[in-house]
Novice: 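Below is the structure I would like to discuss, written out as structure tokens.
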Amino acid sequence: MTPEIIKQPCLVLVGPTAIGKTDLSLILARRYDCEIVSVDSMQVYRHMDIGTAKASVDERSEIPHHLIDIVDPDENYDAAQFALDGLQAIRDIHSRGKIPLLTGGTGLYLRALFEGIFPGVPVDEKTRQILKDRLLAEGPSKLHEELSLCDSVSAKRIHTNDSQRLLRALEIFYVSGIPWSEHLAHHKEVTEGVQFTNALQIGLTMDRQKLYQRINTRCDQMVECGLEDEVRKLLAMGYDRQLKSFGSIGYRHILNYIDGYWTKEEALRLLARDTRRYAKRQYTWFSRLTDLQWFDVAEKQKILQTVEDWFAKLNLS
RNA sequence: GCCGGGAUAGCUCAGUCGGUAGAGCAACGGACUGAAAAUCCGUGUGUCCCUGGUUCGAUUCCUGGUCCCGGCA
């Protein structure tokens with residue numbers, strides 16, 4: 001397989017949570033006739049609006065948004081599915097003669113779209129459950145030893161306590177009979193993924209302390225805007241507390257409060273703290289994107305000028 | 001004004017019978033290929049209030065300051 005080459009223009013806007021991606025994406029979309037493709041692992045879920053800080057319904061009716069509200073909270077969605085859906089959305093937008101504006105903060109999803117994801121071993125729930133039970137019964141060291149026997153390369157890379165990767169590595173081996181490390185090595189040789197030859201990638205940043213202030217404020221606002229009601233509504237709809245989607249920031253905090261494990265103050269404090277830590281992890285992802293041009297979010301004119309220049313250059317060629 | 005107590009990491013504090021220091025929280029850095037807002041790994045970031053003295057050596061003991069907190073006036 002060869003990487004798909006997309007020559008049509010494409011804008012990418014990334015940045016940590018709460019930095020103001022939505023505002024800027026709307027400005028850019030209006031000015032350059034874009035449709036927005038959300039690169040966000042949580043905004044894909046319906047009924048989870050406040051905690052995922054989706055663009056408002058009005059904003060979404062003004063500018064088309066893709067990959068928001070596409071699955072129910074109890075459906076499985078993952079990076080591989082995103083890579084397919086994202087590419088499809090981009091194609092559709094191009095076919096309408098418009099420009100896709102990828103906006104979001106989920107590093108893995110962006111990577112899955114750009115570099116592809118090795119095919120052939122989708123999640124196998126049955127195997128995964130068996131391994132989960134074994135992890136509980138036998139402990140991580142035992143399973144990690146087992147991994148070193150069937151895939152020593154991955155075992156070296158994966159820490160014993162990293163339960164998710166440990167289980168995934170074993171799952172891949174037991175389902176396919178081929179070590180994860182071999183799948184990956186092979187995939188590197190035959191990269192599919194998508195190569196954008198005309199993409200402008202913009203990274204948004206701001207002073208860390210100011211960002212944290214914004215995060216704290218936004219967490220307060222989420223609670224004021226009825227995050228608790230949103231969670232209670234989801235429970236009333238019959239969604240189980242164990243769902244993946246409930247494990248995300250905000251939802252799990254409110255759930256812990258509702259179930260009486262934390263006081264409201266505790267829940268709010270930890271919600272803000274975990275959001276701050278999340279923003280830090282997002283920066284780690286973005287720092288690896290070599291084609292990214294960084295701007296302070298306050299430098300709006302500079303950003304607009306950069307986009308303007310980029311378009312001018314495109315029209316010449 | 002007097003009597004006590006205190007001053008050590010961003011915060012709350014512990015500690016050093018004299019050999020330049022630590023816990024919780026917070027913070028910081030990193031990893032990441034089908035859960036990723038997940039999961040994990042790593043890191044003390046410090047004029048130990050100032051001053052002088054004793055000492056080979058003072059954050060620790062002593063002198064004198066400064067500030068804070070109680071209590072009594």
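These numbers were taken from a predicted model, which means no experiment stands behind them. Just so we're on the same page: letters track the sequence lines, and every chain starts at 1.
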Novice: Please check if any side-chain donor atom of A:Tyr32 sits under 3.5 Å from a side-chain acceptor atom of A:Glu308, or the reverse.
Specialist: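 Side chains of A:Tyr32 and A:Glu308: pair found under 3.5 Å.
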Novice: For A:Arg281 and B:A37, what is the distance between atoms CZ and P respectively, to the nearest whole Å?
Specialist: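 In whole Å, B:A37 P lies 8 Å from A:Arg281 CZ.
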Novice: Taking B:G44 as the reference, what is the distance to B:G29 when you measure between their C1' atoms (whole Å, please)?
Specialist: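 It comes out at 13 Å once rounded to the nearest Å.
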Novice: Quick check for you: among B:G30, B:G34, B:A36, whose closest atom lies nearest to any side-chain atom of A:Ser41?
Specialist: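 Nearest to the side chain of A:Ser41 among the choices is B:A36.
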Novice: B:C28 phosphate, OP1 or OP2: any side-chain N/O from A:Tyr212 under 4.0 angstrom?
Specialist: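 A:Tyr212 to B:C28 OP1/OP2: side-chain N or O found under 4.0 Å.
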Novice: From the options B:A26, B:U33, B:G30, select the nucleotide whose nearest atom is closest to the side chain of A:Phe118.
Specialist: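 My answer, after comparing the listed nucleotides, is B:U33.
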Novice: Find out whether the Lys NZ or Arg CZ of A:Arg269 is both under 6.0 angstrom from the six-membered ring centre of A:Trp262 and within 45° of the ring's axis.
Specialist: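 Judged by the rule, A:Arg269 and A:Trp262 form no cation-pi pair.
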Novice: Just how far, in rounded Å, is P of B:A36 from CG of A:Leu108?
Specialist: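 It works out to 8 Å between those atoms.
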Novice: With the side chain of A:Arg168 defined as its heavy atoms from C-beta on, choose the nearest nucleotide among B:C40, B:C28, B:G34.
Specialist: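 So the nucleotide nearest the side chain must be B:G34.
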Novice: State whether A:Tyr109 places a side-chain N or O below 4.0 Å from either non-bridging phosphate oxygen (OP1 or OP2) of B:A36.
Specialist: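 Checking B:A36 against A:Tyr109, a side-chain N or O does come within under 4.0 Å of OP1 or OP2.
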Novice: What is the nucleic acid contact for A:Tyr77, judged by heavy atoms within less than 4.0 Å: base, sugar-phosphate only, or nothing?
Specialist: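 Sugar-phosphate only.
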Novice: Using the C1' atom in both, what is the distance from B:A37 to B:C32, to the nearest Å?
Specialist: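 One C1' to the other, the span is 15 Å.
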Novice: Now, which nucleotide makes the Watson-Crick or G-U wobble pair with B:A37, with each of the two distances under 3.5 Å?
Specialist: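 With both distances under 3.5 Å required, B:A37 matches none.
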Novice: Taking for each residue the nucleotide of RNA chain B with the nearest heavy atom, is it A:Arg269 or A:Thr284 whose nucleotide lies nearer the 5' end?
Specialist: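 The answer here is A:Arg269.
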Novice: Whole Å only: how far is the CG atom of A:Leu289 from the P atom of B:C32?
Specialist: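 In whole Å, B:C32 P lies 13 Å from A:Leu289 CG.
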Novice: Students often get this wrong, so: under 4.0 angstrom with heavy atoms, is A:Arg128 touching a base, only sugar-phosphate, or nothing?
Specialist: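 Since a base atom lies under 4.0 Å of A:Arg128, the category is base.
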Novice: Taking only the P atom of each, what is the distance from B:A38 to B:U43 in whole angstrom?
Specialist: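 It works out to 23 Å between them.
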Novice: Can you see if the side chain of A:Thr106 gets near the phosphate of B:A37 - specifically, an N or O under 4.0 Å from OP1 or OP2?
Specialist: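 So the side-chain polar atoms of A:Thr106 do come within 4.0 Å of the phosphate oxygens OP1 or OP2 of B:A37, strictly under.
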Novice: How is A:Thr275 classified with respect to the nucleic acid when contacts are heavy atoms under 4.0 Å: base, sugar-phosphate, or nothing?
Specialist: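 Nothing: the residue A:Thr275, judged by heavy atoms under 4.0 Å, touches no strand.
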Novice: In Watson-Crick or G-U wobble terms, both distances under 3.5 Å, what is the partner of B:G4?
Specialist: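 Pairing partner, where one exists within any strand: B:C69.
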Novice: If you look at every strand shown and take non-hydrogen atoms under 4.0 Å, does A:Gly104 touch a base, only sugar-phosphate, or nothing?
Specialist: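 Touches nothing.
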Novice: Consider the side chain of A:Val123, meaning its heavy atoms from C-beta on, and name the nucleotide among B:A36, B:C40, B:A35 that approaches it most closely.
Specialist: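 Selected nucleotide (nearest to the side chain): B:A35.
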Novice: To the nearest Å, give me how far apart CE (A:Met222) and P (B:A37) are.
Specialist: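 Taking atom P of B:A37 as the reference, CE of A:Met222 is at 13 Å.
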Novice: When you compare B:U8 with B:U16, how far apart are their C1' atoms, in angstrom units rounded to a whole number?
Specialist: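 After rounding to an integer number of Å, I get 11 Å for this pair.
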Novice: Is the shortest side-chain N to carboxylate O distance from A:Glu4 to A:Arg91 below 4.0 Å?
Specialist: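 So A:Glu4 pairs with A:Arg91 through a salt bridge.
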Novice: Please determine whether a side-chain nitrogen of the Lys or Arg among A:Asp162 and A:Arg165 lies less than 4.0 Å from a carboxylate oxygen of the Asp or Glu.
Specialist: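 Yes, charged N to carboxylate O under 4.0 Å.
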Novice: Who does B:U43 pair with, Watson-Crick or G-U, both distances under 3.5 Å?
Specialist: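 Pairing partner, where one exists within any strand: B:A27.
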Novice: From CG of A:Leu110 over to P of B:A37, roughly how many Å is that when rounded to an integer?
Specialist: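 In whole Å, B:A37 P lies 11 Å from A:Leu110 CG.
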Novice: Find the distance A:Asn216:CG to B:A27:C1' and express it as a whole number of Å.
Specialist: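 It works out to 13 Å between those atoms.
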Novice: Are the ring centres of A:Phe114 and A:Phe196 closer than 6.0 Å?
Specialist: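 Close enough - the centres of the two rings lie under 6.0 Å apart.
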Novice: When rounded to the nearest Å, what value does the distance between C1' atoms of B:U51 and B:C61 take?
Specialist: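 Comparing C1' positions in B:U51 and B:C61 gives a spacing of 16 Å.
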Novice: Which of these nucleotides, B:A35, B:G34, B:A36, is closest to any side-chain atom of A:Ala79?
Specialist: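 So the side chain of A:Ala79 is nearest to B:G34.
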Novice: Determine the contact category for A:Gly51: base if any of its heavy atoms lies under 4.0 Å from a base atom, sugar-phosphate if only primed atoms, P, OP1 or OP2 are that close, otherwise nothing.
Specialist: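 Base contact - A:Gly51 has a heavy atom under 4.0 Å of at least one base atom.
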Novice: Starting at the 5' end of RNA chain B and moving along, which residue's nearest nucleotide shows up first, A:Arg273 or A:Gln282?
Specialist: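 Its nearest nucleotide lies further toward 5', so the answer is A:Arg273.
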Novice: So with a 6.0 Å cut-off around CD of A:Gln129, is the heavy-atom count from everything else above 12?
Specialist: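 Atom CD in A:Gln129 is crowded, with more than 12 foreign heavy atoms closer than 6.0 Å.
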Novice: Which nucleotide wins on minimum distance to the side chain of A:Asn161, given the candidates B:C41, B:A38, B:C32?
Specialist: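 Nearest to the side-chain atoms of A:Asn161, counting from C-beta on, is B:C41.
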Novice: Select base, sugar-phosphate, or nothing to describe what A:Asp274 touches, counting heavy atoms under 4.0 Å on all strands.
Specialist: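 Nothing, no heavy atom under 4.0 Å.
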Novice: Strictly by modelled atom types, are A:Tyr261 and A:Glu266 linked by a side-chain donor-acceptor pair under 3.5 Å?
Specialist: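 No pair is found: no donor N or O on one side chain lies under 3.5 Å from an acceptor on the other.
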Novice: What I'd like to find out is whether the side chain of A:Leu170 reaches to under 4.5 Å of the side chain of A:Asp151, using heavy atoms alone.
Specialist: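 Side chain of A:Leu170 against side chain of A:Asp151, heavy atoms only: no contact under 4.5 Å found.
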Novice: Could you tell me which nucleotide pairs with B:G18 by Watson-Crick or G-U wobble geometry, both distances under 3.5 Å, or answer none if nothing does?
Specialist: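 Across any shown strand, B:G18 pairs with none.
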Novice: State which of B:C25, B:U39, B:C28 makes the closest approach to the side chain of A:Gln164.
Specialist: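 Looking only at heavy atoms from C-beta outward on A:Gln164, the closest nucleotide is B:U39.
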Novice: Ignoring hydrogens and geometry beyond distance, is a side-chain donor-acceptor pair present between A:Asn76 and A:Glu125 at under 3.5 Å?
Specialist: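 The answer is yes; a qualifying pair exists.
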Novice: Once you round it to whole Å, what is the distance between C1' of B:U39 and CH2 of A:Trp285?
Specialist: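 In whole Å, B:U39 C1' and A:Trp285 CH2 are 12 Å from each other.
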Novice: Partner of B:C61 by Watson-Crick or G-U wobble geometry, both contacts under 3.5 Å, or none?
Specialist: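 For B:C61, the partner nucleotide comes out as B:G53, under the 3.5 Å rule.
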Novice: By nearest atom, which of the nucleotides B:A31, B:A37, B:G29 is closest to the A:Arg288 side chain?
Specialist: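 From the listed options, B:A31 comes nearest.
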Novice: Look at the side chain of A:Arg165 against the base of B:C32 and say whether a donor-acceptor pair falls under 3.5 Å; ignore hydrogens and angles.
Specialist: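 When only heavy-atom distances are counted, A:Arg165 does reach the base of B:C32 through a donor-acceptor pair under 3.5 Å.
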Novice: I'd like the P distance from B:C41 over to B:G5, given in whole Å.
Specialist: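 So the two P atoms sit 45 Å from each other.
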Novice: Heavy atoms from C-beta onward define the side chain here; which of B:A35, B:A26, B:A37 lies closest to that of A:Met42?
Specialist: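 Minimum distance to the A:Met42 side chain belongs to B:A37.
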Novice: Taking the side chain of A:Arg277 as its heavy atoms from C-beta onward, which of B:C32, B:U33, B:A26 lies nearest to it?
Specialist: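 Nearest listed nucleotide: B:A26.
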Novice: Taking atom P of B:A37 as reference, at what distance in whole Å does atom NZ of A:Lys21 sit?
Specialist: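 About 11 Å, once rounded to whole Å.
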Novice: Between B:U60 and B:U55, how far apart are the C1' atoms? Round to whole Å, please.
Specialist: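 Between the two C1' atoms, the distance is 13 Å.
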Novice: Using the P atoms only, state how far B:A7 lies from B:G15, rounded to an integer number of Å.
Specialist: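 The answer is 10 Å between these two P atoms.
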